[in-house]
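What follows is one structure encoded as structure tokens, with my remarks underneath.
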Amino acid sequence: MTDVVHRELGMTDEEFISVQEILGRRPQDSELAMYSVMWSEHCSYKSSRAHLGTLPTDAPWVVVGPGENAGVVDLGDGWLAALRIESHNHPSFVEPYQGAATGVGGILRDVFTMGARPVGLWNQIRFGELSDPHNRYLFNGVVSGIAGYGNAVGVPTLGGETEFDPVYAGNPLVNVMCLGILQREQLVLGTAGTPGTIAVLLGASTGRDGIGGASVLASAGFDETAGEKRPSVQVGDPFEEKKLIEACLDLYERDLVVGVQDLGAAGLTCAASEPAARAGVGMELNLDAVHVREDDMTAPELLMSESQERMMAFVSPDKVDEVLAVAATWEIDASVVGTVRDGDRLRVHHNGEQIVDVPAASLTDDAPVLHRPIERPAWLDDLRKRRDPPDRTPLDTALLALLDDPGIGDRSWVYEQFDHMLFLNTVRPPGIDGSLIRIQGTDKGLAVSTDGNGRMCQLDPRRGAERIVYESALNVAVAGARPLAVVDNLNFGNPEKPDVMWQFTETIAGLGAACDALGVPIVGGNVSFYNETDGRDIYPTPVVGMLGLAEPIPAFIGDVGTDMTIFLAGPAQQRSLAGTAYQKTIFGTLGGRPTPIDPDTGGRSIELAIRLAHVMPTAVLHDVSQGGALVALVELLIRHDVGAVLERTSTIDAFGEDPHRFLCLVPSAEAARVTQLAAEVGCDIRRIGQTGGADLELSDPTIDPMSIGRLRTVWGGAIRRRMEGTIHE
Amino acid sequence: MSIGIITFPGTNCERDVAYAFEALGADTEQVWHRETSLDGIDGVVLPGGFAHGDYLRTGAIARFSPVMAAVEKLAAEGRPVLGICNGFQVLCEAGLLPGGLIANRDLRFICRPVHVRVQSPDSILTRAARPGQVLTIPLNSYEGNYITGGDAVRVMLRYTDAAGTLSDAANPNGSEGAIAAVANTAGNVAGLMPHPERAIEDFMGSTDGRILLESFVASLEAVPA
């Protein structure tokens with residue numbers, strides 16, 4: 001072995017020296033390969049670990065916090081929920097269909113590893129503008145990949161968010177969240193158990209696909225050679241995963257496993273070392289027993305392969321036969337590949353020789369923790385000082401432009417490609433605010449909202465992060481649910497740049513402060529660095545997935561008809577257009593500083609939304625976000641095909657996106673009850689109009705009424721019109 | 001009276017279909033695809049999903065699953081056999097129903113409620129419905145585009161708008177003749193692309209699926225001896 005091999009594997013010289021110190025000798029090929037993937041940014045969180053520890057992760061209802069395959073929270077009455085979010089950004093740029101598909105497969109395994117049946121998927125996807133054919137190709141490929149895998153694997157995709165901005169053109173973001181439910185006694189952890197326990201590898205055979213995905217793809221930026229990285233992208237097989245899910249749930253039901261670990265990034269290396277490290281034991285692994293796709297694979301290839309749809313089950317010796325029989329029933333392959341041993345060594349055998357002998361925990365716990373330089377960006381002040389140009393855009397012109405924005409217009413082109421009804425639990429389908437599913441046989445409903453806002457975060461990462469936490473909380477609140485837990489996906493540029501690390505630490509501070517104020521723990525997350533192309537970093541783009549519990553499930557009989565009073569709840573004073581969709585669409589700029597959250601006001605808005613959802617079944621609630629209050633209202637009017645007369649408004653009031661605001665529409669006979677509830681909660685609320693007719697009237701003599709039909713046509717075509725025609729390259 | 005729900009590896013609507021029939025008071029039993037006997041089963045449903053991954057062609061591998069011989073025997077006895085979505089594709093591949101299903105006109109997966117008009121009440125799927133009645137039932141498929149291939153076809157449901165009018169715009173997937181459901185000559189074997197089990201409770205947005213599932217349940221007892 002020459003001294004440059006470690007560099008080709010993405011390791012620094014310092015890391016190579018650390019490995020030598022741990023082993024007291026030069027590492028063998030396989031050992032070096034294992035350290036290179038386990039100590040990669042993607043697996044080790046080496047740039048972020050020092051900062052993530054400040055996040056609030058505790059609450060009485062947290063059963064499993066960060067560090068396991070998924071977070072688990074208590075829903076009461078013996079029910080638990082498991083949730084996790086993960087990015088598949090780089091693979092999706094290199095090969096959009098398979099990149100997105102395997103992102104879905106990976107996040108599902110994280111959840112059913114915990115003993116849970118996956119019941120829902122959400123996706124947060126960001127691309128460059130759809131005017132560019134390559135972005136259309138990526139967008140179409142990612143949506144098809146999510147549909148192709150998610151639909152076939154038999155887990156409904158219940159919502160998400162789609163945004164477009166030139167900053168993502170060279171580096172799209174694909175974050176996928178999964179929610180599972182389980183009974184408390186079915187909880188399984190990623191532990192190897194006690195000495196003597198047998199390791200059984202289940203599922204797909206191991207091939208050369210995805211070798212080095214974690215270190216080569218996920219832990220470095222892109223340049224013009226990105227296409228050459230395609231062999232590092234894995235290929236998904238949802239049919240294999242579907243069988244694996246059913247087989248694993250059957251194993252849990254029969255109480256046949258001690259622990260389970262999925263094989264994702266770093267493959268067998270991770271699936272052997274992490275459970276051993278958690279259990280404080282050693283392990284012997286026999287690569288000759290692994291069921292393979294190709295005959296002549298080398299030991300490093302077997303150890304690093306990221307072939308999909310594989311699980312490692314840790315099984316008591318007397319139950320191995322039963323486990324193999326369950327695998328046979330579900331028509332999946334299974335091999336006995338290892339044995340848990342006393343001590344702390346991970347020893348690997350191949351072709352009858354011992355080729356690895358390292359402390360198991362050194363792969364996970366001794367990974368470097370970097371304290372990278374942090375510096376506030378020099379360009380930030382100029383960005384915040386940037387003023388909007390003089391603006392005389394009429395409200396109707398602006399409204400039509402915003403409705404035509406693919407980040408605001410109708411997303412049904414996306415979610416109608418996803419099975420969002422399977423399992424018969426979908427109470428609130430995708431398309432608006434948080435989605436809500438029921439847990440059959442209970443009064444419980446689970447609401448989930450996933451939210452991000454890269455533009456706000458570019459202007460102020462701390463305020464931006466706080467805002468998305470409060471936005472997602474309000475989104476589950478309008479579905480009648482109380483915020484319960486958060487998972488976060490932190491998408492950032494190159495951490496070797498001090499200003500990116502500043503954005504990262506500010507974001508962590510914002511997430512932590514907002515979750516603390518709400519009393520909601522962060523139970524898991526994922527960090528994705530190196531989202532850059534040719535040296536240009538993406539906006540700091542944290543994404544949160546908020547789980548809320550609705551108990552009981554509200555009746556939701558509300559339908560928007562005529563003669564309903566339109567209320568706007570939340571702060572009366574709109575303060576800023578910084579970072580809004582209006583600024584992007586009308587001015588084509590980004591500048592200023594977004595309005596900060598206010599925990600007291602935010603808490604009252606959330607409380608009022610929950611109460612209204614539960615005590616006023618005729619009320620229709622909708623969170624105000626991208627596009628502001630006027631866009632939010634028009635979305636409801638289009639959906640329910642009814643017009644409205646609004647009180648006179650201004651650009652900033654119509655299109656501002658200040659936090660903590662939501663719409664409440666109720667039959668006018670019940671309007672007094674709404675103002676009374678708002679007064680009880682101490683939440684500002686005011687009437688802004690009345691539904692009726694077939695037009696939107698803005699009470700402005702210079703603006704003609706706009707027919708809802710016309711607004712629908714514009715809104716309905718925002719994505720569809722751009723995606724029809726050529727999308728393939 | 002027990003309904004057998006045939007589950008292949010990759011099937012994913014088997015529990016939903018069981019839930020829906022049980023909500024109507026019927027008894028169900030999950031039948032794994034390796035079963036060779038359907039003793040004690042009065043009728044079978046092949047639910048939606050991706051049997052054997054839909055590899056090669058939808059339903060092409062599933063038709064060779066061991067249970068299919070027993071399904072064919074049951075069909076020949078005049079017992080009710082219903083295929084929903086992927087189950088419909090399997091029945092076409094098995095030759096129990098005419099025609100076949102190819103990729104949607106727009107080459108995209110479609111998951112949304114659609115309107116279907118009852119064409120004929122003479123099948124185990126539609127006997128509780130009125131001819132001309134318009135039902136709202138969710139569709140959920142990529143290969144939902146029905147072609148007759150020149151076969152004579154007894155049409156049970158067609159895609160229409162909410163008023164029951166046929167139009168190109170109301171045909172979601174480009175199916176020939178806007179066909180959404182067909183039956184064999186005897187009317188005891190039927191297949192449809194939309195998912196009736198997804199329209200059985202108010203919160204789902206429609207309860208019209210009950211009419212079709214009740215037709216099936218009623219057919220269990222009406223089988224010729």
Side-chain angles (χ1 to χ4, degrees), chain A residues 117 140 143-144 146-158 236-247 328-332 412-431 436-438 440-441 445 553-557 720 723-724 727-728, chain B residues 7-23 30 32-34 47-56 58 61-62 65 85-86 104 106-114 137-143 172-173 194-206 209:
Chain A
R117 176 175 282 281
N140 187 63
V143 171
S144 305
I146 293 169
Y149 200 102
N151 297 345
V153 79
V155 178
T157 298
L158 297 168
D237 179 356
F239 175 53
E240 188 69 28
E241 179 111 328
K242 166 70 176 168
K243 293 189 292 181
L244 191 58
I245 293 175
E246 300 301 335
T329 301
W330 292 103
E331 303 179 16
I332 60 169
S412 63
W413 186 88
V414 178
Y415 64 76
E416 285 182 358
Q417 296 190 51
F418 304 146
D419 182 350
H420 53 267
M421 302 176 187
L422 186 69
F423 298 155
L424 311 183
N425 295 330
T426 311
V427 179
R428 276 172 73 106
L436 182 75
I437 55 172
R438 63 173 178 169
Q440 278 177 33
I553 296 173
F556 296 127
I557 57 174
R720 221 167 275 272
M723 294 305 291
E724 274 157 19
I727 42 181
H728 300 289
Chain B
T7 304
F8 303 93
T11 298
N12 61 31
C13 296
E14 73 278 10
R15 288 174 303 142
D16 295 359
V17 169
Y19 175 93
F21 277 114
E22 279 160 25
Q30 298 286 341
W32 186 235
H33 77 120
R34 295 215 188 152
F50 294 75
H52 297 280
D54 273 352
Y55 290 139
L56 194 58
T58 55
I61 301 173
S65 271
C85 195
N86 191 230
N104 295 338
D106 293 338
L107 300 181
R108 279 193 289 274
F109 195 94
I110 299 170
C111 178
R112 65 179 161 87
V114 296
I137 317 255
L139 194 62
N140 186 66
S141 46
Y142 184 86
E143 281 101 352
N173 47 27
H195 286 255
E197 80 277 12
R198 295 185 177 194
I200 57 161
E201 291 180 40
D202 286 332
F203 83 87
M204 298 176 184
S206 166

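- At least one side-chain heavy atom of R198(B) sits under 4.5 Å from a side-chain heavy atom of D419(A).
- Interface residue Q440(A): only side-chain heavy atoms are found under 4.5 Å from chain B.
- For chain A, the nearby parts of P113(B) are the backbone and the side chain; heavy atoms of each come within less than 4.5 Å.
- Note that CZ of F239(A) is 7.5 Å distant from OH of Y55(B), once rounded to the nearest 0.5 Å.
- By the 4.5 Å heavy-atom criterion applied to side chains, N151(A) and F50(B) are counted as neighbours.
- Distance OG/S412(A) to CD1/I110(B): 11.5 Å, rounded to 0.5 Å.
- If you check the side chains of E331(A) and H52(B), you find no donor sitting under 3.5 Å from an acceptor.
- Heavy-atom distances place the side chain of R15(B), and not its backbone, under 4.5 Å from chain A.
- Between N425(A) and F203(B), the closest heavy-atom pair is C-CE1, 4.1 Å.
- Expressed to the nearest 0.5 Å, how far CE of M204(B) lies from CG of L424(A) amounts to 4.5 Å.
- Between C111(B) and M421(A), the closest side-chain pair of non-hydrogen atoms falls below 4.5 Å.
- The pair R720(A)-D106(B) fails the salt-bridge criterion, with no side-chain N (NZ, NE, NH1 or NH2) lying under 4.0 Å from an Asp/Glu carboxylate O.
- For chain B, the nearby part of R438(A) is the side chain; its heavy atoms alone come within less than 4.5 Å.
- Looking at F418(A), the atoms closer than 4.5 Å to chain B (heavy atoms on both sides) all sit in the backbone: N, CA, C or O.
- Neither the backbone nor the side chain of S141(B) comes within contact range of chain A; no heavy atom of the residue lies under 4.5 Å from a heavy atom of that chain.
- Comparing D237(A), L422(A), V143(A) by how many heavy-atom pairs each has under 4.5 Å with chain B, the most go to L422(A).
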